[in-house]
Amino acid sequence: MQKLMKVCAAATAVALMTAVTGCGTSSTNSNTATSSSSSEPTLVLATSADYKPYEYHDTSSGQDKIVGFDIDVANAIAKQLHFKVQIEDMDFDGLIAALQAKRADFVIAGMTPTAARKKAVDFSDVYYQAENVVLTKKGHTVKTMNDLSGEKVAVQLGSVQETAAQSIPNVKLDSLDTIPTVVQEVLSNRADAAVIENTVATGYVKSNPQLQLNKIAGMTENGSAIAFPKGSPWTKKFDTAIEKMKQDGQLQQLANKWFGGTQ
Ligand code: ARG
């Protein structure tokens, strides 16, 4: 952080900074596209790294690194558009505000482009489709959202799953900052169920045999898109890069790598 601020100050002083943000923010992690050169601008990527396999902290190498499908997608776009990536990790509920305050250049966080969010930020095209499921302890089978009437339902604060759960009759909503704590609520019987994305829930069910994944008919989620501050010049460029990755199969390859081909 200290070092970053000094570098930014120096660069500004000699008028070397290009017209992108990236200074004045704290760095928690930085992934750089392989083809980067020193003349490339740095874009601040804000995410909520609590969402395996989209974005999460991997400490297996002894170092704390943010990795995942979204991070690979961002780095592939960075390589095409020639910019460097600086990752900022924050709570999901703070991501839109970070864009509005121009504390980030883009958000990639498995974020669904909803009508409400579109009033505050711009979105790229959808780069991945997913659906919601209900996570419960084994033996508590849920077939429709109404089966959860009167129950305590854990969700991530500010997520579309929170909005979906709000329509359950007499629900006791249990909104929490991060997905691991949402799942923990179910594991420890503090909540009866959690509404969560299928691709994320699958990993938790694999590592916790006492959990059960309940598919709900007709429950869609409308996919993930990249978000930008309103009017950002990057939105169109990202769309072109995403389209190319759809055409040449790179996006499917990354989906296979992180989701086992479930696209
Ligand atoms: N797709 C959902 C939404 O946009 C949840 C995304 C949660 N992402 C995360 N990185 N925790 O509301």
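Along the sequence shown, the residues carry numbers beginning at 1. Both ligands and their constituent atoms are indexed starting at 1 by order of listing. Just so you know, these numbers come straight off a predicted model, no measurement behind them.
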Counting only heavy atoms not in Lys215, do more than 12 fall under 6.0 Å of its NZ?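 Incorrect, the count does not exceed 12.
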I'd like to check which ligand 1 atoms, numbered from 1 as shown, lie under 4.0 Å from a non-hydrogen atom of Ser159.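 Listed by number with element: 12 (O).
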Using a strict cut-off of 4.0 Å, indicate which atoms of ligand 1 neighbour a heavy atom of Ala109.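 Checking each atom against Ala109, I get 6 (C), 7 (C), 8 (N), 9 (C), 10 (N).
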Could you check whether Lys257 pairs with Asp72 (Lys NZ or Arg NE/NH1/NH2 to Asp/Glu carboxylate O, under 4.0 Å)? yes
Donor-acceptor pair between Ser48 and Asp91 side chains, under 3.5 angstrom: no
Under 3.5 Å, is there a donor on one side chain and an acceptor on the other for Trp234 and Asp105?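 Distance-only check fails for Trp234 and Asp105.
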If only atom types and distance count, is the side chain of Thr42 paired as donor or acceptor with the main-chain N or O of Lys84 below 3.5 Å?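 Side chain of Thr42 to backbone of Lys84, a donor-acceptor pair under 3.5 Å: no, none is there.
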Ignoring hydrogens and geometry, is there a side-chain-to-backbone donor-acceptor pair from Asp122 to Gly231 under 3.5 Å? yes
heavy-atom search around atom 1 (N) of ligand 1 in the protein gives Glu221 OE2, 2.6 Å
among protein heavy atoms, the one nearest atom 9 (C) of ligand 1 is Tyr51 CG, 3.3 Å
Is there at least one pair of N or O atoms, one from [X] and one from ligand 1, spaced under 3.5 Å apart?
X: Arg117; result: yes
X: Val160; result: yes
X: Gly110; result: yes

At the 4.0 Å heavy-atom cut-off, does Gln161 count as touching ligand 1?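 The answer is yes, since Gln161 has a heavy atom less than 4.0 Å from ligand 1.
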So, does Tyr54 sit close enough to ligand 1 that a heavy atom of it is under 4.0 Å from the ligand?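 False for this residue.
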Side chain or backbone of Met90 under 4.0 Å from ligand 1, or both, or neither, by non-hydrogen atoms?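 Within the 4.0 Å criterion, Met90 makes no contact with ligand 1.
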Is ligand 1 under 4.0 Å from a heavy atom in the side chain of Asp50, in the backbone, in both, or in neither? side chain
Out of Met111, Gln156, Glu197, whose heavy atom is nearest to atom 7 (C) of ligand 1?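 Closest candidate by heavy-atom distance is Gln156.
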Option among Val153, Asn132, Ile168 that satisfies the side-chain contact (heavy atoms from CB on, under 4.5 Å) test with Met145: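 Single side-chain contact (heavy atoms from CB on, under 4.5 Å) partner of Met145 among Val153, Asn132, Ile168: Ile168.
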Minimum heavy-atom distance Val85-Ala78, with the two atoms named: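 Looking at all heavy atoms of both residues, the closest pair is CG2-CB, 3.7 Å.
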